[in-house]
There are 2 protein chains.
Amino acid sequence: MKKGKSTIHDIAEKLNITASTVSRALNNHPRISVATKKAVQKAAEILHYQPNHIAASLRSGKSNIIGIIVPSIDRTFFSTVVRGIEEIANASRYNVMICQTHDNYEKEVATVNALLNAQVDGIIVSFAKETTNFDHFLKAKEKGVPIIMFDRTNDELEMSQVVVDDFLGAYKATEHLIQQGCTRISHFTNVRKINIYKERLRGYKEALIGNGLPYDEDYVVEGNLQLEDGREAMKKLLLMPHPPDGIFSASAYGIMGALQVLKEHGIKVPEEVKLVGFSNEPFTYLTEPSLSTIEQHSMRMGNAAAEIFLEEISNKDKKFIPQKIVLKPELIIRKSSVR
Amino acid sequence: MKKGKSTIHDIAEKLNITASTVSRALNNHPRISVATKKAVQKAAEILHYQPNHIAASLRSGKSNIIGIIVPSIDRTFFSTVVRGIEEIANASRYNVMICQTHDNYEKEVATVNALLNAQVDGIIVSFAKETTNFDHFLKAKEKGVPIIMFDRTNDELEMSQVVVDDFLGAYKATEHLIQQGCTRISHFTNVRKINIYKERLRGYKEALIGNGLPYDEDYVVEGNLQLEDGREAMKKLLLMPHPPDGIFSASAYGIMGALQVLKEHGIKVPEEVKLVGFSNEPFTYLTEPSLSTIEQHSMRMGNAAAEIFLEEISNKDKKFIPQKIVLKPELIIRKSSVR
DNA sequence: CTAAATTGAGCAATCGATTGCGCAAGTTAC
DNA sequence: GTAACTTGCGCAATCGATTGCTCAATTTAG
């Protein structure tokens, strides 16, 4: 009784027809008379019929669910990408299932399995920092589940990806600091060799060299790019005989940490040290001074990833050719970097 | 071939046994010999068998998926609650399906339907600001899907809920400002009459009265509590003959806006005006000065919501008695409010 | 040594929606 | 007036996993 779940059989019984007819009527099959269709619809309303997608999924072999795997949803970058994915996916009657790895490899593996068990039709993922072995994704791919990577990707995998041109973003950021008069520019990067951080480092390096400045490894600080890492890095740099007069961090939290420490030491930003971060997290424009940073167009990144998924799903039979979409990043100049 | 999806039937065929036996072997049924179990497990590995939860769900009538509906996941409060839910849910082999309403009523209704179609076993929700009609949730409840509300709830619905004691939080915040010497305290609240904002307003009012200060509606500013609303509100207040010397905002973004405007006007915080917000968003401790605020224990809120769900699911037959868990908020005193 | 109990596994139905095939009644064509 | 369609709908299988009921083969009990 309370289990108000009614099925097409209940409707069929009520109308003295078969479930097949009800199914077809609900799906607007041409071979069903208008009268029957109307009757079915009315009965469905009365019985509060709610289609059971699970049953349909079992039959069709597709769940209309896209699995999304991100390190963490409480970072604006990721939650915005998710929103971008949802936007496109929902329009095509897909739902999303969002999972977090918290940058933990085991959790990522478990998550992929959970999503496969849930029979997702595809997976859109940004890898955990820890991940270096991608077998779990390869396994999924072999089962015919398309995998689309974004942001933290891996070029060696035969899977489509959407990234921002990290090299270009880093180049722009660094060059901007140089144009503002910085001559000793430091860079915060990640200890792990993830593509995005490698690219940002490369952009930083090339910008220095391209503008006639020396590349000095002493000014490159490796860490985890979180707030605390930024603070530690800044403290270390301040002990150098010639501390930097400009800092480009590969993350937004890292540059925030640097800003805090500089302020605590009474060092003026941007007068004495200029700062640029990466990723347009909302707090970056709330700080004092507001932080210059690189906008990654996260919403568009999500859109693009979802579009690739839809494309791959509809071309399932055709030969698979992984595609790579590279979005152009944008330098957002705020107060932390202008003289 | 590429459709590497194998079923228990494939395993059965390979071993010349029936699917029933395979199923039981995989589920460690006592009536299956150890030898068979081992053989099945080996075969499952070789064939890369992945159980199809959809089929199991159809049979069992439960999907092991909890639907989560939040206004937006890119707010730390919500994403942390989600994490709290996941923590408990995953431990009990439940997956979550996260959906965003963006505070839009129609989207909320559509989302509830999508979740019901996906056969979720329960829904944990924080209502959209726009929502005043709750029929979509009542419908779900009638179908036997437990609904658990958190944060933005409604006392008139016969459904369990987890909230923070908004009244107490607001009272503490306001009293703190009073103790720091403020005599003209302003409050930013929401235009809509959502329970949490009503309670916070009440707490503010009672704290004033309880401490012998007058309650003056001119100091209460209604808005949408976003950054821009906070800015507007602050600008308006500064035009008053006697601008406030303390502000308690019902949101974190609102108080941030106030801080920005005050700094732009060269007004010193906390010396001239003291500030306290609500919700411990990460940026609140990154500002200069750092913002005092109310911690809502969002992780615990998520834990509690998930626990209630598990409880209700296991007591399906028993008489349903909605429960209400009220968490105690905590005042986090930072620099923006101490003299 | 036989009856009772236990072990191991197969048969077939079930969950709810979908769909190819078939069939009867009604239409149209020539 | 009959052959050829068309219309409207039912039958039954299917998707993959699960489970109550059976039943044969062993084992144990007495």
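Proteins come first, then strands; the chains are lettered A, B, ... in the order of their sequence lines, and each starts at number 1.
Atoms CD1 and CZ, from A:Ile17 and A:Arg24 in turn, are 11.0 Å apart once rounded to the nearest 0.5 Å. The line from OG1 of A:Thr153 to CG of A:Asn195 is 4.0 Å long, rounded to the nearest 0.5 Å.
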Could you pull out the protein-nucleic contacts involving nucleotides 24-28 of chain D (nitrogen or oxygen on both sides, under 3.5 Å)?
none

Output one line per pair: protein atom, nucleotide atom from nucleotides 15-17 of chain C, and distance, for all N/O pairs under 3.5 Å.
unit_1	atom_1	unit_2	atom_2	d
C:dC15	O2	B:Arg59	N	3.3
C:dG16	N2	A:Ala55	O	3.1
C:dA17	OP1	A:Tyr49	OH	2.6
C:dA17	OP1	A:Asn52	N	3.4
C:dA17	OP2	A:Ile8	N	2.6

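Phosphate proximity of D:dC9 to A:Thr21: absent, as no side-chain N or O sits under 4.0 Å from OP1 or OP2.
The distance from atom CZ of B:Arg24 to atom P of D:dT18 is 11 Å, rounded to the nearest whole Å. As rounded to whole Å, 17 Å separates atom P of D:dG8 from atom CG of A:Leu15. Residue B:Glu13 contributes atom CD, which lies 18 Å from atom P of C:dA9 at whole-angstrom precision. For the pair B:Ile11 CD1 and C:dG10 P, the interatomic distance rounds to 14 Å; values are reported in whole Å. Atom pair B:His29:NE2 and D:dT18:P shows a separation of 12 Å (rounding to whole Å applied). Summarising the geometry, the separation between CZ on B:Arg31 and P on C:dT6 is reported as 9 Å, rounded to the nearest angstrom.
Using a cut-off of 4.0 Å between Lys/Arg side-chain N and Asp/Glu carboxylate O, A:Asp74 and B:Arg75 are scored as not salt-bridged. For B:Lys141 and B:Asp135, the salt-bridge test fails: no basic side-chain N is under 4.0 Å from an acidic carboxylate O.
Contacts with DNA chain C (heavy atom under 4.0 Å) in residues 33-45 of chain B: B:Ser33, B:Thr36, listed by number.
Taking the six-membered ring for Trp and thresholds of 30 and 60 degrees, A:Phe150 and A:Phe77 have ring planes inclined between 30 and 60 degrees apart. Between A:Tyr94 and A:Phe309, the ring-plane angle classifies as perpendicular under the 30° and 60° cut-offs.
Two residues are said to be in side-chain contact when any heavy atoms from C-beta on lie closer than 4.5 Å; A:Lys139 and A:Asn113 meet this criterion. Between A:Val40 and A:Leu26, the closest side-chain pair of non-hydrogen atoms falls below 4.5 Å. Using a 4.5 Å cut-off on side-chain heavy atoms (C-beta onward), B:Gln161 and B:Asp155 make contact.
Using a 4.0 Å heavy-atom cutoff across all strands shown, A:Leu26 reaches no nucleic acid atom at all.
Taking both residues in full, the closest heavy atoms of A:Gly61 and A:Asp121 are given as O-OD1, 4.4 Å, listed atom of the first, atom of the second, then distance.
Taking the centre of each ring, B:His136 and B:Tyr105 come in below the 6.0 Å mark.
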